[in-house]
Each structure stands twice: as structure tokens, then as C-alpha cells.
Colleague: 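One structure follows; several queries about it will come next.
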Amino acid sequence: MSLLTPELMANIGRASTPQKEVVTRRDIRKYAIATGQRLEKYISGDVASATFHVALFWDVVGMEELSPDGVSIDKLLPKFPLERAMAGGLDITYHRPIVPGDVLVATRTLSAIYEKQGSSGPLIFYEVDMEIKTEAGEPVISEKTTRILR
Amino acid sequence: MLKIDMIQIGDQLPVREFTPDNIQLFLYDAALWNAHRIHYDYQYATEIEGYPGLVVPGPLMGDWLTQCAIEWAGDAGELVHANYSNRQYACVGEVLRSQGTVMSLSREKREVTLDINIVNAADDILAPGQFVIRFNKI
């Protein structure tokens with residue numbers, strides 16, 4: 001019997017409120033240093049390194065919203081019948097570089113939920129698409145996150 | 001400078017070694033606002049979650065893969081597509097390294113596809129990825 005009920009599947013297409021962030025040279029530099037970048041253009045903050053947007057759009061939540069393991073609950077997601085998160089992955093398409101002064105808007109959409117049979121039981125996969133654009137609507141990054149639950 | 005005419009399928013990328021430590025994990029999680037305790041609370045990571053040590057964040061390994069692709073291309077081209085997954089974890093104290101290979105190239109589209117992995121000392125693939133570099137018009 002499938003774990004994916006019609007009620008669960010009805011969450012596909014649910015989208016977050018667009019999140020707007022201002023890109024600063026300081027944040028680009030912090031991220032470049034933290035990730036061990038070696039190219040001067042990233043360390044100086046002239047341009048953002050390739051996964052800077054992951055930090056820029058990471059949820060800033062209050063301490064009371066963190067679970068005891070320190071993780072924040074992703075409000076875009078429904079309650080899944082499997083809860084232990086396994087490996088995930090990212091698929092990123094770059095449209096244009098991110099530079100200091102950019103005002104970027106990200107919208108996240110729960111785009112897919114599907115089930116597969118793993119060697120030790122059922123697995124639930126879900127995908128979240130994030131579209132990052134400028135305020136004028138110019139595409140900057142398209143990203144798909146895939147997560148596996150067991 | 002690297003030129004697309006110089007590249008052959010099967011070319012190996014330079015190997016880069018990564019030795020993440022507590023300081024890097026602190027800075028990385030601070031930059032993200034990530035409070036997941038497996039990355040900085042040794043007692044929690046080992047006694048409650050059962051890891052052998054502090055866990056290297058998966059997306060940090062993903063970033064290293066993009067760095068390998070971008071540094072290989074230099075000023076000759078830019079990263080237009082990245083795809084990776086986190087298959088196994090690593091802990092602080094491990095020595096990790098990259099291994100990368102040119103998988104395909106299209107001189108017409110000026111695009112090169114690279115397979116790059118982060119591996120541990122036992123050669124287990126922790127994070128495999130595929131990356132597309134588009135070379136600049138000369």
C-alpha cells in the first residue's frame with residue numbers, strides 16, 4: 001500500500017511567500033572564507049561564489065522555532081509518514097552572477113512527492129524548486145533540491 | 001589559459017585536498033544560520049546521534065565540488081550548471097579530496113561536462129556531482 005495519500009499529494013504545488021534579500025559584500029566575503037574559496041574575486045566580495053545563494057536564502061528563524069537537535073522546521077513541507085532524512089542533492093542552473101547590491105527574490109515550491117522501494121523499506125522522495133530572480137524579474141538561479149526520507 | 005581545443009575526454013582535473021576543522025564548521029554554519037548540533041556539539045553528535053565525530057555539512061562538500069569545476073576552468077569559461085548529491089557523511093579530522101574527469105565536450109556549444117567527486121581516505125565516494133562549464137567566445 002502506498003504511503004502517499006491523496007491528502008499528502010495535494011500539497012504538491014504549494015509555494016512559499018517570496019523572500020527578498022539584499023546582497024552585501026560582507027556576506028559574500030564571509031561565505032567565501034567559510035567555504036575555503038581560493039579565488040580573489042570571491043574573497044574580496046566582488047562576486048558571489050557558486051553556492052552563496054544557499055546561505056542567502058537559508059531560513060532565519062528564532063530560537064524557539066528550533067527543535068532540540070537545532071534544526072528548523074521547513075514550513076513549506078507537510079508532515080510526511082517517514083521522518084528520518086537521508087542524503088539529498090541539489091541541481092543548480094546559473095543564469096547570471098550575484099554581486100553586491102543585488103536585491104534578489106526567491107520563491108520555493110514543493111514540486112514533487114514520490115515513493116520508491118529501498119532495500120530496507122519504502123523511501124519517500126520530495127523535490128523543492130527555488131527560483132531566484134532580481135526584483136525586475138530577471139532570472140538569476142534555478143535550483144531543485146531533492147530529499148529522501150526513510 | 002585553458003582552451004576548449006586543448007581538452008580531451010578523460011582528462012583528469014587537479015586533485016584538491018580538504019581538511020575541514022571545527023573553525024571552518026563554525027564559520028560555515030554561522031554564515032548559514034544553521035544550528036544543527038551534529039556540526040558543533042561533539043557530545044550530542046557522538047552520544048545522541050551516534051556519529052564518530054562532528055559531521056561535515058553536506059552542502060559544504062557540494063560547494064567544494066563547484067570550486068573544483070570553477071578553478072579548473074579559470075578565466076576561460078563559467079559554471080552554468082551544477083548537480084550533486086550527498087551520499088555519505090564525513091567527520092572533522094578526516095582528509096577528503098576531489099577527483100574529477102572530463103566526461104564530454106561539445107565544441108559547437110563550447111560546453112564541457114565534468115564528473116567530480118569528494119572521496120574519503122578509503123576512496124568511498126561521499127558526494128558525486130556533474131558540472132557544465134561553458135567556455136567564453138574568443
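In what follows, chains are A, B, ... by sequence order, proteins preceding strands, each numbered from 1.
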Colleague: Tell me if a side-chain donor or acceptor on A/Gln37 pairs with a main-chain N or O of B/Gln67 at a distance below 3.5 Å.
Modeller: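 No; judged by distance alone, with no hydrogens or angles, the pair does not exist.
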Colleague: Is it the side chain or the backbone of B/Asp29 that comes within 4.5 Å of chain A heavy atoms, both, or neither?
Modeller: neither
Colleague: For atom CG of B/Asp123, decide whether the heavy atoms of other residues, nucleotides or ligands shown that lie under 6.0 angstrom number more than 12.
Modeller: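 Yes, CG of B/Asp123 has more than 12 neighbouring heavy atoms, counting only those of other groups under 6.0 Å.
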Colleague: Which atoms of A/Asp59 come close to chain B, meaning under 4.5 Å heavy atom to heavy atom: side chain ones, backbone ones, both, or neither?
Modeller: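 Just its backbone gets close to chain B.
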Colleague: Please answer: with hydrophobic residues joined when any side-chain heavy atoms are less than 4.5 Å apart, are B/Leu13 and B/Trp64 in the same cluster?
Modeller: yes
Colleague: Counting only heavy atoms not in A/Lys133, do more than 12 sit closer than 6.0 Å to its NZ atom?
Modeller: no
Colleague: Would you give the length of the straight line joining atom CD1 of A/Ile148 to atom OG of B/Ser85, rounded to the nearest 0.5 angstrom?
Modeller: 8.0 Å
Colleague: With rounding to the nearest 0.5 Å, note down the distance linking CG in B/Leu32 to OH in A/Tyr31.
Modeller: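 Answer for the CG-OH pair, B/Leu32 versus A/Tyr31, is 6.0 Å.
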Colleague: Are there more than 12 heavy atoms of other residues, nucleotides or ligands under 6.0 Å from atom CD of A/Gln117?
Modeller: yes
Colleague: Within the distance-only criterion (no hydrogens, no angle test), does the side chain of B/Trp33 pair as donor or acceptor with the backbone N or O of A/Val61 below 3.5 angstrom?
Modeller: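 Side chain of B/Trp33 to backbone of A/Val61: a pair is present.
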Colleague: Between A/Ser72, A/Pro68, A/Ser142, who has the most heavy-atom pairs with chain B when the cutoff is under 4.5 Å?
Modeller: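 Heavy-atom pair counts peak at A/Pro68.
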Colleague: Taking every heavy-atom pair that is under 4.5 Å apart, which of B/Thr66, B/Leu60, B/Asn34, B/Ile38 has the most such pairs with chain A?
Modeller: B/Asn34
Colleague: Most heavy-atom pairs under 4.5 angstrom with chain A, which of B/Val132, B/Asp63, B/Asp41, B/Leu79?
Modeller: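 Among B/Val132, B/Asp63, B/Asp41, B/Leu79, the one with the most close pairs to chain A is B/Asp63.
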Colleague: Before giving the answer on side chain to side chain contact (heavy atoms under 4.5 Å, CB included), spell out for B/His36 and A/Asp69 the whole-Å C-alpha distance, their side-chain angles and the decisive distance to 0.1 Å.
Modeller: CA-CA 6 Å; B/His36 198 177; A/Asp69 60 356; 4.2 Å; yes
Colleague: Can you see which heavy atom on A/Tyr94 is nearest to which on B/Ala82, and at what distance?
Modeller: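 Residues A/Tyr94 and B/Ala82, closest heavy atoms: CE1-CB, 4.1 Å.
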Colleague: Can you name the nearest heavy-atom pair linking B/Ala31 to A/Ala55, along with the distance?
Modeller: O-CB, 3.8 Å
Colleague: Does any part of the side chain of A/Asp91, heavy atoms only, come nearer than 4.5 Å to the side chain of B/His81, both counted from C-beta?
Modeller: yes
Colleague: Say you draw a straight line from CZ of B/Arg37 to CG of A/Leu66; how long is it, rounded to the nearest 0.5 Å?
Modeller: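 Here the interatomic distance stands at 11.0 Å.
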Colleague: Under 4.5 Å between side-chain heavy atoms, hopping through other hydrophobics if needed: is there a path connecting B/Leu96 to B/Val55?
Modeller: no
Colleague: Rounded to the nearest 0.5 Å, what's the gap from OG1 on A/Thr35 to CD on B/Gln24? Could you check?
Modeller: 7.5 Å
Colleague: Applying the 4.5 Å side-chain criterion to the ILVMFWY set and letting contacts propagate, would B/Val56 and B/Leu27 be lumped into a single cluster?
Modeller: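 B/Val56 does not cluster with B/Leu27.
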Colleague: What part of B/Tyr44 gets within 4.5 angstrom of chain A, counting heavy atoms only: side chain, backbone, both, or neither?
Modeller: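 Side chain only.
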Colleague: More than 12 heavy atoms of other residues, nucleotides or ligands under 6.0 Å from OH of B/Tyr42: yes or no?
Modeller: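 Not more than 12 within 6.0 Å, no.
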Colleague: For A/Tyr42, is it the side chain, the backbone, both or neither that has a heavy atom under 4.5 Å from a heavy atom of chain B?
Modeller: side chain
Colleague: Does a sphere of radius 6.0 Å around CZ in A/Arg29 hold more than 12 heavy atoms from other residues, nucleotides or ligands, not counting ones at 6.0 Å or beyond?
Modeller: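 Check fails, neighbour count at 12 or below.
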Colleague: Show, in sequence, the C-alpha distance, side-chain angles and deciding distance for A/Leu90 and B/Asn83, and conclude whether the side chain to side chain contact (heavy atoms under 4.5 Å, CB included) test is met.
Modeller: CA-CA 6 Å; A/Leu90 277 191; B/Asn83 182 302; over 6 Å; no
Colleague: Is B/Arg16 in contact with chain A via its backbone, its side chain, both, or neither, using a 4.5 Å heavy-atom distance?
Modeller: side chain
Colleague: Is there a path of hydrophobic side-chain contacts, each under 4.5 Å between heavy atoms of I, L, V, M, F, W or Y residues, that connects B/Ile7 with B/Met103?
Modeller: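 No, B/Ile7 and B/Met103 fall in different hydrophobic clusters.
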Colleague: Is B/Ile23 reachable from B/Val92 through a run of hydrophobic residues whose side-chain heavy atoms are each under 4.5 Å from the next?
Modeller: no
Colleague: Looking at A/Gly36, A/Ala50, A/Ser67, which has the largest count of heavy-atom pairs under 4.5 Å with chain B?
Modeller: A/Gly36
